[in-house]
Amino acid sequence: MNEAWYRLAMMLTLFVGLWEGPLAIIFRVFTDKAPHVLVAANYLPAPWCYVVAVAAAGAAFALIAVLQIRREKLMSAA
């Protein structure tokens, strides 16, 4: 896997992490839209949707950190 694939994976992970994390909370708090597939955390009842949204964002950022470490290894080996 070359650097471009790592960058693409990091960008997609960042997008999903932000969408399912902070943006899901913003949609829940500031809009009256019903939950849908794109903000899956909002299907949960009130206290748990926030926990799941924060966990999704945390998992995404952890995956980005792993991808960054692997990309740096790839670049140092080249």
Could you state whether [X] and [Y] fall into the same hydrophobic cluster, counting links through intermediate Ile, Leu, Val, Met, Phe, Trp or Tyr residues with side-chain heavy atoms under 4.5 angstrom apart?
{"X": "F15", "Y": "V39", "value": "yes"}
{"X": "M10", "Y": "W19", "value": "no"}
{"X": "L18", "Y": "I64", "value": "yes"}

Spacing of [X] atom [atom1] and [Y] atom [atom2] [to the nearest 0.5 Å]:
{"X": "T13", "Y": "L67", "atom1": "OG1", "atom2": "CG", "answer": "5.5 Å"}
{"X": "N2", "Y": "L8", "atom1": "CG", "atom2": "CG", "answer": "10.5 Å"}
{"X": "E72", "Y": "Y6", "atom1": "CD", "atom2": "OH", "answer": "11.5 Å"}

| message | For residues 33-77, which residue pairs pass the ring-ring contact (aromatic ring centres under 6.0 Å, His included) check, not counting sequence neighbours? | response | none
Show every donor-acceptor pair shorter than 3.5 Å between a side-chain atom in residues 20-35 and any protein atom, with sequence neighbours excluded, or say none if there are none.
| unit_1 | atom_1 | unit_2 | atom_2 | d |
| --- | --- | --- | --- | --- |
| E20 | OE1 | A40 | N | 3.3 |
| R28 | NH1 | N42 | O | 3.0 |
| R28 | NH1 | L44 | O | 3.0 |
| T31 | OG1 | F27 | O | 2.4 |

| Which residue pairs satisfy the salt bridge (charged side-chain N to carboxylate O under 4.0 Å, His left out) criterion with at least one member in residues 39-63, sequence neighbours excluded? | none
| request: Would you please name every residue forming a salt bridge (charged side-chain N to carboxylate O under 4.0 Å, His left out) with R71, sequence neighbours left out? | output: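 Only E3 meet the salt bridge (charged side-chain N to carboxylate O under 4.0 Å, His left out) criterion with R71.
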| field | Which atom of A60 lies closest to which atom of G17, heavy atoms considered | value | CB-CA, 3.4 Å
